[in-house]
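Residue numbering restarts at 1 for every chain, and letters A, B, ... go by the order of the sequence lines.
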Amino acid sequence: MPQPLNYLKETASQTAGPYVHIGLIPAMAGFDIFEKNFSNMLVTPNTQGERITLEGKVIDGSGTPLRDVLLEIWQANAAGRYNHPADRSAGALDEDFRGWGRGGSDFESGLITFETIKPGVIVDRTGRKCAPHVNIWIVARGINIGLNTRLYFSDEEGANAADPVLNLVEPPVRRKTLIATRSERAGKAVYSFAINLQGPDETVFFDV
Amino acid sequence: MNAQAPALGDPRLNRPEPFTPRDGGFFQRDRTIHPPAYAPGYKSSVLRSPRQALLSLESSVSEITGPVFGQNDLGPLDNDLIRNYAKDGDPVGERIIVHGRVLDETGRGVPNTLVEFWQANAGGRYRHKKDTYLAPIDPNFGGCGRALTDDTGYYYFRTVKPGPYPWRNFVNSWRPAHIHFSVFGSGLAQRLITQMYFEGDPLIPVCPILTTIPDKDALDRLVAPLDLNASTPFDSLAYRFDIVLRGQRSTYFENRPEGN
């Protein structure tokens, strides 16, 4: 018998359930309890970068938007730097940008929004340039383990075409499921997305 | 059913070790111990489960990093569910302490990570505008809290034991008493939501959600044992719940797919 490795096993995931708001966004459950709350507003007046709105829905296999889903987003700042010590790239940190937020879908429409900034190009440790993107994590009733996906930006065609992750997506027709569409509303950029859990346009989800 | 094995029973885990951040890629997630996305016994999963294969990504800077939280994000009562929503007295129910460590697969404590928890009250009713179960709301119980782990990955909070409740799956489906947990870890790839159950609950083996887990040992690891040693005499019982997040490699050598 060789020596035992003695690794522990990861704790199993369980669904966040329909009442995930209680713990993570209590205001949406209908009450106020914490002094400080997390939200879908990632920017302060001092944050560097272009203000953008991310706006979209998560859609089930019947075409119906989920109205009890919770999304978290994690992104680099306008200089392409994540606010975390393991990012050793050269871009400047922005003290006014944590780069993380969470939001629940509207109980009627299913719409989810985030107020953030557009991230910069990310330089990975091997020197690869990665197209600007936002990392998304999705939990809800009926989702047994959190789903990881990404949003890229429709006005970054050149960077997207060279992005090492987008280029892994086969067949290429599925790459469009990761690209949010830019429009302008009252002078501000809005990026719209649809995350399809099933069907011919099923979004690409990652095992990260 | 065996309750969660005490992770600290492994002497290797008690070895004092200065915490040096590892910042390589995460260990491949073993999906055979997690519930599959499509688990028809839990009916809500049928329309909400992706059907295409997941695209495997080796950890990049986007997954090795994740949000960093500090005490500034918390209030002084955030880990005391007996007091953090009390209006005119204590909530009804069995007073309990829940405590444990957040570890990674190599057995190291995960320090300074955010743990969030939420639950029904002692009667099995959630304080949520969409919950219509006939059991009453407790005016002194909110049902949520959060804590940061200390330097060794340890966390604790005080609450009342949640009650079981019925839900629409089969006509007579009941959830065992449980507390929902949300844990971050140091990188996005460690993000986890799970549920803690209580040793000896007869609803555990018949729960359509819990039994989505295909691996018996993985299921048992979600069951917190009664921990009398951590109880407060004449005040509160205690349950111990350790949580294991994915392990992470050290970056001895950078990955260079094109050669040296």
Side-chain angles (χ1 to χ4, degrees), chain A residues 6-19 21-24 26 29-31 33-36 60-62 66 74 82-87 89 98-100 107 122 124-126 130 133 135 137 139-147 165 168-169 197-198 202 204-208, chain B residues 7 10 12 21 23 30 33-35 37 39 44-45 47-48 50-52 54-57 60-68 73 75 78 84-85 103 105 107 116-118 126-131 142-144 180 182 188-189 191-195 209 212-213 218 221-222 243-244 246 254:
Chain A
N6 285 335
Y7 287 112
L8 302 178
K9 293 280 197 179
E10 188 187 13
T11 298
S13 172
Q14 290 271 267
T15 179
Y19 307 128
H21 317 88
I22 296 171
L24 305 192
F31 66 108
I33 184 165
F34 297 133
E35 290 177 15
K36 297 171 186 171
D60 77 10
S62 76
L66 272 60
W74 170 242
Y82 286 100
N83 192 349
H84 187 281
D87 185 349
S89 62
R98 172 142 56 191
W100 175 85
F107 288 119
I122 294 150
D124 206 343
R125 293 197 185 159
T126 52
C130 307
H133 65 271
N135 306 284
W137 189 71
V139 291
R141 171 177 68 89
I143 294 178
N144 285 325
I145 181 166
L147 298 171
V165 168
L168 286 177
V169 176
L197 297 178
Q198 296 175 3
E202 181 177 315
V204 174
F205 297 102
F206 298 106
D207 185 17
V208 298
Chain B
D10 181 346
R12 208 173 61 97
D23 60 2
D30 177 1
I33 61 164
H34 290 285
S44 296
S45 74
L47 284 174
R48 295 181 169 202
R51 300 301 164 85
Q52 304 294 321
L54 301 178
L55 177 55
S56 293
L57 286 189
S60 76
V61 69
S62 298
E63 292 82 29
I64 292 167
T65 58
V68 178
D73 291 306
D78 280 8
N84 70 6
Y85 202 75
L103 304 162
E105 288 170 300
E116 299 166 289
F117 19 86
W118 68 99
Y126 284 101
R127 183 175 289 280
H128 190 289
K129 57 186 175 189
K130 297 292 182 186
D131 188 4
C144 60
H180 296 264
S182 153
L188 184 66
R191 189 81 178 86
L192 183 73
I193 278 185
T194 188
Q195 302 180 29
I209 288 179
T212 58
I213 297 173
R221 288 193 295 272
L222 296 183
I243 298 165
V244 180
R246 293 164 65 187
E254 297 284 5

Colleague: With heavy-atom distances below 4.5 Å as the criterion, would you say the side chains of A/His133 and B/Ser62 are in contact?
Modeller: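 Counting from C-beta outward, A/His133 and B/Ser62 do come under 4.5 Å.
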
Colleague: Let me know if B/Ala37 has heavy atoms under 4.5 Å from chain A in its side chain, its backbone, both or neither.
Modeller: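 The backbone, not the side chain.
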
Colleague: Is it the side chain or the backbone of A/Asn83 that comes within 4.5 Å of chain B heavy atoms, both, or neither?
Modeller: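 Contact with chain B is through the backbone of A/Asn83 alone.
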
Colleague: Below 4.5 Å from any heavy atom of chain B, which atoms of A/Phe206 appear? Answer side chain, backbone, both or neither.
Modeller: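 Answer is both: backbone and side chain atoms of A/Phe206 are under 4.5 Å from chain B.
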
Colleague: Picking from B/Ser45, B/Gly142, B/Pro67, which has the most non-hydrogen pairs under 4.5 angstrom with chain A?
Modeller: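 If we count pairs closer than 4.5 Å to chain A, B/Pro67 comes out on top.
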
Colleague: Classify the ring geometry of B/His128 against A/His21: parallel below 30°, tilted from 30° to 60°, perpendicular beyond 60°.
Modeller: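 It falls in the tilted class, 30° to 60°.
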
Colleague: Using a 4.5 angstrom heavy-atom cutoff, name the option from A/Val139, A/Thr15, A/Ile143, A/Val204 with the most pairs to chain B.
Modeller: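 So the answer, after comparing A/Val139, A/Thr15, A/Ile143, A/Val204, is A/Thr15.
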
Colleague: Between B/Gln195 and chain A, with a heavy-atom cut-off of 4.5 Å, which part of the residue counts as in contact: side chain, backbone, both or neither?
Modeller: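 When you check distances to chain A, atoms from both the backbone and side chain of B/Gln195 fall under 4.5 Å.
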
Colleague: With a 4.5 angstrom heavy-atom cut-off, which part of A/Ile122 approaches chain B: side chain, backbone, both or neither?
Modeller: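 Side chain of A/Ile122 only, per the 4.5 Å heavy-atom cut-off to chain B.
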
Colleague: Quick check: does any side chain N or O of B/Thr194 sit under 3.5 Å from a backbone N or O of A/Ala12, one acting as donor and the other as acceptor?
Modeller: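 Side chain of B/Thr194 to backbone of A/Ala12: a pair is present.
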
Colleague: Checking A/Leu66 against chain B: side chain, backbone, both or neither under 4.5 Å from a heavy atom?
Modeller: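 Interface part for A/Leu66: both.
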
Colleague: Got A/Lys36 and B/Asp73 here, is their nearest side-chain heavy-atom distance under 4.5 Å?
Modeller: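 With C-beta onward as the side chain, the pair stays apart.
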
Colleague: Which atoms of A/Leu168 are under 4.5 Å from chain B, going by heavy atoms: the side chain, the backbone, both sets, or neither?
Modeller: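 Looking at A/Leu168, backbone and side chain both touch chain B.
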
Colleague: Among A/Gly30, A/Pro85, A/Ala86, single out the residue with the greatest number of heavy-atom pairs under 4.5 Å to chain B.
Modeller: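 If we count pairs closer than 4.5 Å to chain B, A/Ala86 comes out on top.
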
Colleague: Okay, side chain of A/Arg98, backbone of B/Val68: is any donor-acceptor separation there less than 3.5 Å?
Modeller: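 Indeed, once roles are kept as given, a pair shorter than 3.5 Å links the two residues.
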
Colleague: Side chain, backbone, both or neither: which part of B/Thr212 has an atom under 4.5 Å from a heavy atom of chain A?
Modeller: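 Side chain only.
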
Colleague: What is the distance from atom CD1 of A/Ile22 to atom NZ of B/Lys129, rounded to the nearest 0.5 Å?
Modeller: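 Rounded to the nearest 0.5 Å, the CD1-NZ separation comes out at 12.0 Å.
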
Colleague: Work out which heavy atom in B/Trp118 is nearest to a heavy atom in A/Tyr19; give both atom names and the distance.
Modeller: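 Of all heavy-atom pairs spanning B/Trp118 and A/Tyr19, the closest is NE1-O, 3.4 Å.
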
Colleague: By a 4.5 Å heavy-atom criterion (distance strictly below it), what part of B/Gln52 contacts chain A: side chain, backbone, both, or neither?
Modeller: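 Both backbone and side chain.
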
Colleague: As an exercise, state the distance from OG of B/Ser60 to CG of A/Asn135, rounded to the nearest 0.5 Å.
Modeller: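 Between B/Ser60 OG and A/Asn135 CG, I get 7.0 Å after rounding to 0.5 Å.
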
Colleague: Among B/Ser56, B/Gly75, B/Gly143, which residue forms the greatest number of heavy-atom pairs with chain A at distances under 4.5 Å?
Modeller: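 So the answer, after comparing B/Ser56, B/Gly75, B/Gly143, is B/Ser56.
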
Colleague: Should A/Trp74 and B/Thr65 count as side-chain neighbours, where that means a heavy-atom distance under 4.5 Å?
Modeller: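 In contact.
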
Colleague: Just so I know, are the side chains of B/Cys144 and A/Phe34 near enough to count as touching, which here means a heavy-atom distance under 4.5 Å?
Modeller: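 They are in contact (side-chain heavy atoms under 4.5 Å apart), so the answer is yes.
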
Colleague: Is the side chain of A/Glu202 donor-acceptor paired with the backbone N or O of B/Arg51 at a distance under 3.5 Å, no angle test?
Modeller: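 It does hold such a pair.
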
Colleague: Below 4.5 Å, heavy atoms only, C-beta onward: do A/Leu24 and B/Ser182 meet side chain to side chain?
Modeller: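 Side chain of A/Leu24 against side chain of B/Ser182, heavy atoms only: contact under 4.5 Å found.
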
Colleague: Measure across B/Ser44 and A/Arg141 and return the closest heavy-atom pair with its distance rounded to 0.1 Å.
Modeller: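 Of all heavy-atom pairs spanning B/Ser44 and A/Arg141, the closest is OG-NH1, 2.9 Å.
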
Colleague: Pick whichever of B/Leu188, B/Ile64, B/Asp131 has the most heavy-atom pairs under 4.5 Å with chain A.
Modeller: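 That would be B/Asp131.
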
Colleague: In Å and rounded to the nearest 0.5 Å, what is the CG to CD1 distance from B/Leu54 to A/Ile145?
Modeller: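 With rounding to 0.5 Å, CG (B/Leu54) is 9.0 Å from CD1 (A/Ile145).
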
Colleague: Chain B: which of A/Leu197, A/Asp60, A/Leu147, A/Val169 shares the most heavy-atom pairs with it under 4.5 Å?
Modeller: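 Answer, by heavy-atom pair count under 4.5 Å with chain B: A/Leu197.
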
Colleague: Just how far is it from atom CD of A/Gln14 to atom NE2 of B/His34, taken to the nearest 0.5 Å?
Modeller: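 It is 10.5 Å, given to the nearest 0.5 Å.
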
Colleague: Could you look at A/Val208 and say if it's the side chain, the backbone, both or neither that has a heavy atom under 4.5 Å from chain B?
Modeller: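 Its backbone and side chain both get close to chain B.
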
Colleague: Using the rule given for side-chain contact (heavy atoms from CB on, under 4.5 Å), can you reason through A/Ile33 versus B/Arg127, listing the C-alpha separation, both sets of side-chain angles and the distance that settles it, and then say yes or no?
Modeller: CA-CA 11 Å; A/Ile33 184 165; B/Arg127 183 175 289 280; over 6 Å; no

Colleague: How long is the gap from CD1 on B/Ile193 to CH2 on A/Trp137, to the nearest 0.5 Å?
Modeller: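 So the CD1 of B/Ile193 and the CH2 of A/Trp137 are separated by 4.0 Å.
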
Colleague: So how far is it from A/Leu8 CG to B/Arg221 CZ, rounded to the nearest 0.5 Å?
Modeller: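 Output value for this atom pair is 8.5 Å.
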
Colleague: Please flag which part of B/Ile213 lies under 4.5 Å from any non-hydrogen atom of chain A: side chain, backbone, both or neither.
Modeller: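 Only the side chain of B/Ile213 comes within 4.5 Å of chain A.
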
Colleague: Search all heavy atoms of B/Leu47 against all heavy atoms of A/Ser62 and return the closest pair with its distance.
Modeller: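 Smallest interatomic distance, heavy atoms only, reads CD2-N, 3.8 Å.
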
